Amino acid sequence: MRVVMPGFNLSLTARSGQCFRFVQLQDGAYHLVAHGHQLYLHDLGGGSFDLSCDQQTFDRLWHDYFDLGRNYDALEALGTGEDPYLASALRYARGMRILRQEPFETLMAFIISQRKSIPAITRCVSQLALRFGEQIAPGVHAFPTPGALARASDEDLAACGLGYRVPFISQSARLVHEGRIDLGALADLPDAQLAASLMTLPGVGVKVASCVMLFAYQRMDAFPVDVWIDRVLRQHYPTGFPFERYKGVAGILQQYLFCYARHQAGRAAGG
DNA sequence: GTCCAGGGTAAGC
DNA sequence: GCTTACCATGGA
């Protein structure tokens with residue numbers, strides 16, 4: 001079906017490091033697996049996209065997944081003048097959106113993310129889906145359920161390239177599967193309690209919890225600080241990031257800063 | 001060979 | 001509260 005998503009930047013969103021289930025195809029289109037569904041997306045330009053779903057599935061699932069109910073245009077007014085670096089980041093990554101991902105998959109993906117590059121994380125998540133996820137189409141697998149990962153052997157998990165994170169994944173999956181942590185119920189908690197609850201899981205610290213809050217629970221004040229953002233803060237915000245000024249959208253801005261910083265580094269490296 | 005990657009944990013202070 | 005060593009793996 002043909003859909004108009006004004007200003008939506010598919011390419012940047014797909015490569016932004018918040019979701020590891022986008023695959024770019026030969027013709028430039030993207031294939032995505034989320035919420036037990038697959039979706040092909042073709043950017044036709046001018047805000048038009050060709051999607052491999054019907055209207056009902058789009059309205060019920062993908063509309064919210066791509067956070068289309070939120071007005072990102074208001075971000076453009078921020079940063080101008082007082083915050084030129086943020087203005088540059090917003091200009092570069094205009095149209096990128098914060099995806100509304102599944103809590104369990106996001107939790108597992110960002111436990112894996114520690115000390116790994118985005119391509120390496122993508123490989124691990126893909127392997128987990130291939131080995132333990134339900135096949136939803138020929139050669140296409142959903143992300144595994146908590147039970148499937150809880151039952152997986154350490155050897156099979158290690159074969160996915162998880163390294164020393166195997167017990168983190170195994171134990172956290174078990175705690176979710178056994179109901180010791182109810183990821184659905186966590187959505188009702190305020191930010192501080194949500195963060196504290198997530199951090200009771202093995203392999204989850206402040207940064208991973210922040211990513212899960214931002215990318216799965218729509219907590220737009222969650223502000224993950226990884227090595228890239230740490231550099232940005234030290235180089236461009238030596239007196240501290242103005243969280244109060246950006247209250248309610250700081251996490252979104254963080255994602256723009258993250259992508260912009262990586263883009264700049266890529267250019268400097270000649271990529 | 002070295003260094004780095006969307007860090008967390010445990011030990012030590 | 002704060003630093004520090006260590007943790008597997010793959011790519012540059």
Side-chain angles (χ1 to χ4, degrees), chain A residues 12-22 89 92-93 96-99 101-128 130-131 143 152-176 181 195-217 219-237 241 250-271:
Chain A
L12 267 175
T13 302
R15 298 181 290 105
S16 64
Q18 54 176 313
C19 174
F20 308 97
R21 292 288 269 162
F22 281 92
Y92 164 71
M96 180 177 63
R97 308 191 76 87
I98 303 296
L99 300 173
Q101 300 186 68
E102 297 158 278
F104 181 66
E105 174 175 343
T106 310
L107 174 66
M108 294 293 112
F110 281 95
I111 288 176
I112 293 168
S113 77
Q114 61 176 264
R115 304 289 288 179
K116 273 187 177 298
S117 66
I118 290 173
I121 302 163
T122 303
R123 231 180 343 266
C124 290
V125 171
S126 173
Q127 279 296 308
L128 285 178
L130 180 64
R131 290 167 182 267
F143 191 81
S153 71
D154 287 355
E155 291 74 15
D156 288 343
L157 290 176
C160 297
L162 303 188
Y164 65 87
R165 306 160 192 80
V166 164
F168 291 163
I169 290 296
S170 183
Q171 292 171 26
S172 288
R174 271 172 204 155
L175 289 168
V176 174
I181 287 275
S197 296
L198 290 171
M199 285 190 286
T200 64
L201 294 166
V204 180
V206 173
K207 191 272 178 181
V208 170
S210 301
C211 286
V212 177
M213 291 172 67
L214 180 60
F215 301 139
Y217 288 98
R219 304 305 172 97
M220 299 307 179
D221 280 313
F223 195 90
V225 179
D226 71 322
V227 294
W228 292 95
I229 292 296
D230 185 57
R231 271 179 226 136
V232 167
L233 295 182
R234 282 190 282 104
Q235 292 176 13
H236 299 281
Y237 300 92
F241 190 77
I252 304 175
L253 303 181
Q254 174 276 155
Q255 190 61 14
Y256 279 77
L257 293 170
F258 175 77
C259 290
Y260 183 57
R262 297 182 74 244
H263 168 71
Q264 293 289 89
R267 285 166 55 89

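Protein chains get the first letters and strands the later ones, always in sequence-line order, with residue 1 at the start of each. Computed from a predicted structure; not experimentally measured. Basis for what follows: all heavy atoms, side chains included, without hydrogens, waters or symmetry-related copies.
A/R131 and A/Q127 share a donor-acceptor pair across their side chains, judged by distance under 3.5 Å alone.
Taking atom CZ on A/R165 and atom P on C/dG10, their separation rounds to 11 Å, with Å as the unit. Atom OH of A/Y164 and atom C1' of C/dC7 are 6 Å apart (whole Å). In this structure, CZ of A/R262 is placed 13 Å from P of C/dA12, rounded to the nearest angstrom.
Taking every heavy atom of residues 101-116 of chain A and every atom of DNA chain C, pairs under 4.0 Å involve A/R115, by number.
Rounded to whole Å, the P atom of C/dC2 lies 26 Å from the corresponding atom of B/dG6. Straight-line distance between the C1' atoms of B/dA5 and C/dC7: roughly 14 Å, to the nearest whole Å. One C1' atom belongs to C/dA8, the other to B/dC4, and the distance between them is 14 Å to the nearest Å.
Legend: residues meeting ring-ring contact (aromatic ring centres under 6.0 Å, His included) with A/F110, ordered by chain and number and at least two apart, are A/F20, A/F215. For A/P103, the side chain to side chain contact (heavy atoms under 4.5 Å, CB included) partners at least two apart in sequence or on another chain are A/L183, A/A216, A/Y217. Applying the side chain to side chain contact (heavy atoms under 4.5 Å, CB included) test to A/T200 and every residue at least two apart in sequence or in another chain returns A/I181.
Contact annotation for A/V204: backbone-only contact, meaning every heavy-atom pair under 4.0 Å involves sugar-phosphate atoms and none involves a base. Nucleic acid contact class of A/T122 (heavy atoms, under 4.0 Å, all strands): none. Nucleic acid contact class of A/V225 (heavy atoms, under 4.0 Å, all strands): none. Within 4.0 Å (heavy atoms only), A/R123 reaches sugar-phosphate atoms of the nucleic acid but no base atom. Heavy atoms of A/G205 sit under 4.0 angstrom from primed sugar atoms or phosphate atoms, though from no base atom. Contacts of A/F215 with the nucleic acid, taken as non-hydrogen atoms under 4.0 Å apart, include base atoms.
In this structure, OG in A/S170 is found 11.0 Å from CD1 in A/I111, a value given to the nearest 0.5 Å.
Contact check for A/Q18 versus A/L214: no side-chain heavy atoms found under the 4.5 Å cut-off.
Comparing A/P202 and A/P224, the nucleotide of DNA chain B nearest to each residue sits closer to the 5' end for A/P224. In terms of position on DNA chain B, the residue among A/F258 and A/L201 whose nearest nucleotide sits closer to the 5' end is A/F258.
Put simply, chain A comes within 4.0 Å of DNA chain B, heavy atom to any atom, from B/dA5 to B/dT9, going 5' to 3'.
The aromatic rings of A/Y92 and A/H263 sit parallel to each other, their planes meeting at less than 30°, with 60° as the upper class boundary.
For residues 112-121 of chain A, the side chain to side chain donor-acceptor pair (under 3.5 Å) pairs, not counting sequence neighbours, are A/Q114-A/Y164.
Among all heavy-atom pairs drawn from A/V225 and A/K207, the shortest one is O-CG, 3.4 Å.
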